[in-house]
Amino acid sequence: MRFVVGSIAILACLAGCKPVANNEGRPETALEFPLPDRPVSKVTSNQFSNEDARDRRGEAQKVMDLAAIAEGMTVADIGAGEGYYTVRLADRVGDAGRVLAQDIDRDALERIGRRVENERLENISIKLGRVDDPQLPPDSFDRIFLVHMYHEVSEPYAFMWRLWPALAENGQVIVVDSDRPTDKHGIPPKLLFCEFDAAGFRLIEFIEKPDIKGYFARFERSPERPDPAAIQSCSQSAN
């Protein structure tokens, strides 16, 4: 299934009252944002599946084609893990482009660093992020990739609100995920749309892609970023 939309106002019914917050263990910088009204998948591995198997499906090439990744672009790979997309994006954007590999796992970033060094990939930078902040420079990225990781973000509203300024003009956020419960390493599409809308993004394309074991969604910034106090958590029970 494929559809393109100009607005996701029809999904407003998913936005409910903010749940009673249990702020124990939350970063101080996240407290002005609501918690998600849903489970959050535990990070069990930095490698979604074997790279050879993913290449046999043509996963990265199909996603990069759908995202219109071209030479000279600047791209962020958030939750880069073992660098599957990072190195393939670096090859696609070429010497004139840049790729930023970001993760909250220092060990994963060290492994990517060794891979970058061994493969002599000079157009890749590495950045440590936080659970509520991707730590990206403003007005910098033509595309930001969130591949099979959004359901593991424990502070999605703070995270996406702080990601909003990082997009360059006409920049887009690319999400690849699976249509299953959020505690089963996926997120139902309507819930994804609602959470992005709440944080100041609008859906422009959605495609079901069984050949990459999930779906492809593309978002752009809404004209204005909402005030954190105005953000309401989306209810998974309404999905």
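This one's a predicted model, so the numbers in the text were calculated from it and none came from an experiment.
The ring-ring contact (aromatic ring centres under 6.0 Å, His included) pairs that include a residue from residues 93-118 number zero, where partners must be two or more places apart or lie in different chains. Listed by first and then second residue, the ring-ring contact (aromatic ring centres under 6.0 Å, His included) pairs involving residues 113-139 amount to none (not counting sequence neighbours). Applying the ring-ring contact (aromatic ring centres under 6.0 Å, His included) test to residues at least two apart or on different chains, the pairs with a partner in residues 58-111 are Tyr85-Phe145.
Looking only at distances, no side-chain donor or acceptor of Asp103 sits under 3.5 Å from a matching main-chain atom of Leu109. When atom types are taken as modelled, the side chain of Asp197 and the backbone of Phe193 share no donor-acceptor pair closer than 3.5 angstrom. In this structure, the side chain of Asp142 engages the main chain of Thr74 through a donor-acceptor pair within 3.5 Å. Between the side chain of Gln102 and the backbone N or O of Pro134 there is at least one donor-acceptor pair closer than 3.5 Å. One N or O on the side chain of Arg143 and one on the backbone of Ala67 form a donor-acceptor pair closer than 3.5 Å. Not one N or O on the side chain of Thr86 forms a donor-acceptor pair closer than 3.5 Å with the backbone of Val99. Between the Arg218 side chain and the Ile204 main chain, no donor and acceptor come within less than 3.5 Å of each other. No donor-acceptor pair under 3.5 Å is formed between the side chain of Thr182 and the backbone N or O of Ile187. In this structure, the side chain of Lys62 engages the main chain of Arg57 through a donor-acceptor pair within 3.5 Å.
Ion pairing between Glu82 and Arg54 fails under the 4.0 Å rule for side-chain N and carboxylate O.
The side-chain contact (heavy atoms from CB on, under 4.5 Å) search around Asp183 returns Pro39, Pro181, not counting sequence neighbours. Residues meeting the side-chain contact (heavy atoms from CB on, under 4.5 Å) test with Asp107, sequence neighbours left out: Asp105, Glu110, Arg111. Residues passing the side-chain hydrogen bond (donor to acceptor under 3.5 Å, both in side chains) test with Arg92, sequence neighbours excluded: Gln61, Asp65. Considering only residues two or more places apart in sequence or on other chains, Phe159 meets the ring pair (Phe, Tyr, Trp, His ring centres under 6.0 Å) condition with none of them. Residues that satisfy the side-chain contact (heavy atoms from CB on, under 4.5 Å) test with Asp132, not counting sequence neighbours, are Pro27, Thr29, Ala30, Arg130, Glu155, Ala158, Arg162. Listed by chain and residue number, nothing satisfies the side-chain hydrogen bond (donor to acceptor under 3.5 Å, both in side chains) test with Lys184 (two or more places apart in sequence, or in another chain). Partners of Arg56 according to the side-chain contact (heavy atoms from CB on, under 4.5 Å) rule, which considers only residues two or more places apart in sequence or in another chain, are Asp52, Ala53. Every side-chain hydrogen bond (donor to acceptor under 3.5 Å, both in side chains) that Arg98 has, sequence neighbours left out, goes to Ser125.
The shortest distance between side-chain heavy atoms of Met160 and Leu146 falls below 4.5 Å. Using a 4.5 Å cut-off on side-chain heavy atoms (C-beta onward), Cys194 and Gln232 make no contact. Using a 4.5 Å heavy-atom threshold, the side chains of Leu167 and Phe201 count as touching. The shortest distance between side-chain heavy atoms of Leu203 and Phe196 does not fall below 4.5 Å. Counting heavy atoms from C-beta outward, Gln172 and Glu205 have side chains that stay 4.5 Å or more apart. Contact annotation: the side chain of Leu89 approaches that of Met64 to within less than 4.5 Å [non-hydrogen atoms, C-beta and beyond]. Side-chain atoms of Arg88 and Asp55, non-hydrogen and from C-beta on, do get closer than 4.5 Å to each other. Arg38 places none of its side-chain heavy atoms less than 4.5 Å from the side chain of Pro188.
By the criterion of side-chain heavy atoms lying less than 4.5 angstrom apart, applied directly or through intervening Ile, Leu, Val, Met, Phe, Trp or Tyr residues, Ile104 is not grouped with Leu35; the two fall into different hydrophobic clusters. There is no path of hydrophobic side-chain contacts, each under 4.5 Å, that joins Ile78 to Val131. At a threshold of 4.5 Å between side-chain heavy atoms, the hydrophobic network of Ile, Leu, Val, Met, Phe, Trp and Tyr places Val173 and Trp164 in one connected group.
Taking the six-membered ring for Trp and the full ring otherwise, Phe33 and Tyr157 have centroids separated by 6.0 Å or more. Taking the centre of each ring, His185 and His151 come in below the 6.0 Å mark.
Pairing each heavy atom of Ser41 with each of Gly186, the nearest pair is OG-N, 4.4 Å. The two atoms that bring Ile126 and Gly113 nearest to each other are CD1-CA, 3.4 Å, heavy atoms only. Across all non-hydrogen atoms, the minimal contact from His148 to Ile212 is NE2-O, 4.2 Å.
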Next item on the list: Would you please test Asp177 and Leu192 for side chain to side chain contact (heavy atoms under 4.5 Å, CB included) and show each step?
Entry: CA-CA 10 Å; Asp177 221 309; Leu192 175 78; 5.9 Å; no
Margin query: Between Asp179 and Tyr215, is the side chain to side chain contact (heavy atoms under 4.5 Å, CB included) condition met? List the steps.
Written below: CA-CA 7 Å; Asp179 184 1; Tyr215 57 75; 4.2 Å; yes
Next item on the list: Quick one: do Gln135 and Leu128 satisfy side chain to side chain contact (heavy atoms under 4.5 Å, CB included)? Show the steps, please.
Entry: CA-CA 8 Å; Gln135 300 277 78; Leu128 182 68; over 6 Å; no
Margin query: Lys213 vs Ser178, test: side chain to side chain contact (heavy atoms under 4.5 Å, CB included). Steps then yes/no.
Written below: CA-CA 7 Å; Lys213 294 191 172 181; Ser178 301; 5.5 Å; no
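How far CD of Glu119 is from CD1 of Ile124: 8.0 Å, rounded to the nearest 0.5 Å. Note that OG of Ser235 and CG of Asp37 are 5.0 Å apart. Values are rounded to the nearest 0.5 Å. In this structure, CG on Leu163 lies 9.0 Å from CZ on Phe141, to the nearest 0.5 angstrom.
Few gaps surround CG on Asn118; more than 12 heavy atoms of other groups in view lie less than 6.0 Å from it.
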Return all side-chain donor-acceptor pairs below 3.5 angstrom for residues 224-231, not counting sequence neighbours, or 'none' if the list is empty.
{"residue": "Arg225", "atom": "NH1", "partner": "Trp161", "partner atom": "O", "Å": "2.8"}
{"residue": "Asp227", "atom": "OD1", "partner": "Ala229", "partner atom": "N", "Å": "2.9"}

